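See structure below.
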Amino acid sequence: MIRLLILLALIFLTPSDLIAAHELHAPLPAQASAIACGETVTATVQDSAGVFAYAFDGQTAQNVRVTMRRTSGDMTNSVHLYRATDLDKSLIMQTGVNLRDPSVFEDPQHTAMVFFTLPADDTYLIRAGRNGWWYNSETGSGEFTLTLECDADFGVQTHGGALNCGQSAADWVYGSNNVDQWVFEGTAGQNVRVTMRRVSGDVVNSLHLYSADDLDRALVDHEGVNLRDPSVFEDPQHTAVVFFTLPADGTYVIRAGRNGWWYNSETGSGEYALTLECEADFGVQTHGGTLTCGMDVTDWIHGTNRVDQWVFEGSAGQNVRASLRRISGDMASMLHLYDAADLDTALIESAGVNLRDPSVFEDPEHTAVVFFTLPVDGTYVIRAGRDGWWYSSDNGSGDYVLTLECDADFGSQTHGGALACGETVADWIYGSNRVDAWRLEGTDGQALTLTMNRLTGDLPAWLGIYASADLNNAVVAGEGADSAGNHSVELTLTLPADDVYLIRAGRDGWWYSSNSGSGDYTLSLTCEG
């Protein structure tokens, strides 16, 4: 009953009462208990006794830390700090959760802390109790201890602060503390890398880099996921990295927190370690860069990083082959080749799936290959990423290795080519590569037998031969399809004229863009006459 009366009196105590008491140097109001620096007090929250008030005299620039530890019960702690002259406005907006005890993080409701550098000599008031006391919530009860430290060492656990090159800091995200702000001084041309590693909890990391002059626009578009630690890729939310070459001398701001902080998301919490490197070696893991002939590079695709751009210098007539091999994850690999002067038009229409590694055909998304004979000397661009990047698909992620060969032997795996009497060639059908075109120089009256044998996969084989003047109508009526399901198609015919004939070998239904079925095949030609 006494506690209830104290609570009611405190609620109805006006700021003017406190101001008058302070100005007259009167004893502290009876409705608030006095607490001294270094002191620990105890109280019990139950029923309507939801909040307790403690007053102390503070000094200008004093570092105070108030720690409230729940020692029994099920209440969610809440602690607030006020100037006694303004009990309507907390000095710390993110009250009660802007520092917490790592030892009890498995239940962060055990401990709530407020730390603050006092603005003036004045009387300050601490309110400690159950979360929601301000709207008279009676949910939860328990005992707590409250400790006041008046010359506390905040260290780097101050929800952001100043960082120096080579420095690591530790902090945490929980509740309404969505994001921490860190500041450093940078120099034009400096290669900075900021790494945020989650060390506990389930927070999805997010990391952004800004110029202090423009906090509305991040310097790196793919913030927070444009480099990551391969050792924790099985959970890529563990680590977020931003690297950037600073454009000018000045002050830069790092925002580290939970994904979605910009719209006040409170989903997920955890501790993190933040490291700033100012002369970082980006190496080849820079989401694209310069390639040279014979070079292997590694990179990765995750989240908003959908495609990486690589550049190389090529020569007219050079046979180049770029191979993208997925080595982890579930992304469907895609590879495109462009002339640097026209990044809207890929040089290979069936880009990324016009050659593949037979050793991983059981999952052909492992490997994408583009090969092409370069038309002119110049700069060329390879885009390597997930299938669908051009319409912003975020489906699938993984590590990859990209290899550039500049004098490659395409062999017979060129999606068609020249075919001669007595020859057997091999190729494959997968995805958007629906049909291959083979050229035959034939003569009037020549008797031919064409045989297509499926070697792997579930390809519904199809075979046709056309005269050069009419590529819409096959020389042999009805062409040939594997309607019996015996893996093979055979055509026998006598050529009507001297001509360069086109043999099409692929999947049944290619003419209406069917993508059903894939596999390796061989194509054999025998001739008489």
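These numbers were taken from a predicted model, which means no experiment stands behind them.
Remark: R383 pairs with Q309 by the side-chain hydrogen bond (donor to acceptor under 3.5 Å, both in side chains) rule, at least two apart or across chains. Remark: T60 pairs with D121 by the side-chain hydrogen bond (donor to acceptor under 3.5 Å, both in side chains) rule, at least two apart or across chains. For T251, the side-chain hydrogen bond (donor to acceptor under 3.5 Å, both in side chains) criterion is met by E185, not counting sequence neighbours. With sequence neighbours excluded, the residues that form a side-chain contact (heavy atoms from CB on, under 4.5 Å) with D214 are D216, R217. Partners of S211 under the side-chain contact (heavy atoms from CB on, under 4.5 Å) rule, at least two apart in sequence or in another chain, are D213, Y252. Not counting sequence neighbours, T139 has no partner by the side-chain hydrogen bond (donor to acceptor under 3.5 Å, both in side chains) test.
With contacts defined as side-chain heavy-atom distances shorter than 4.5 Å, the pair R321/C406 does not qualify. Taking the side chain as every heavy atom from C-beta outward, V45 and E143 never approach each other to under 4.5 Å. A 4.5 Å side-chain heavy-atom check between N164 and L276 finds every atom pair outside the cut-off.
Note that the CG atom of L246 and the CD atom of Q190 stand 5.5 Å from one another [nearest 0.5 Å]. Within the model, atoms CZ of R127 and CH2 of W133 stand 4.0 Å from one another, a figure rounded to the nearest 0.5 Å. Taking CG of N205 as the start and OH of Y272 as the end, the distance is 9.5 Å to the nearest 0.5 Å.
No side-chain donor from either of T42 and T145 sits under 3.5 Å from a side-chain acceptor of the other. Side-chain atoms of T40 and T147 form a donor-acceptor pair, as typed in the model, at a separation below 3.5 Å.
Checking side-chain atoms of S33 against main-chain N and O of Y54 turns up no donor-acceptor pair under 3.5 Å. The backbone N or O of S141 sits less than 3.5 Å from a side-chain atom of D74, completing a donor-acceptor pair. Side-chain atoms of R258 come within 3.5 Å of backbone atoms of S265 as a donor-acceptor pair (strictly under, hydrogens ignored). Listed for the R198 side chain is no donor-acceptor partner under 3.5 Å among the backbone atoms of V204. Of the possible polar contacts, none joining the R386 side chain to the A332 backbone as a donor-acceptor pair under 3.5 Å is found.
Aromatic ring orientation, Y400 versus W310: perpendicular (interplanar angle above 60°, classes split at 30° and 60°).
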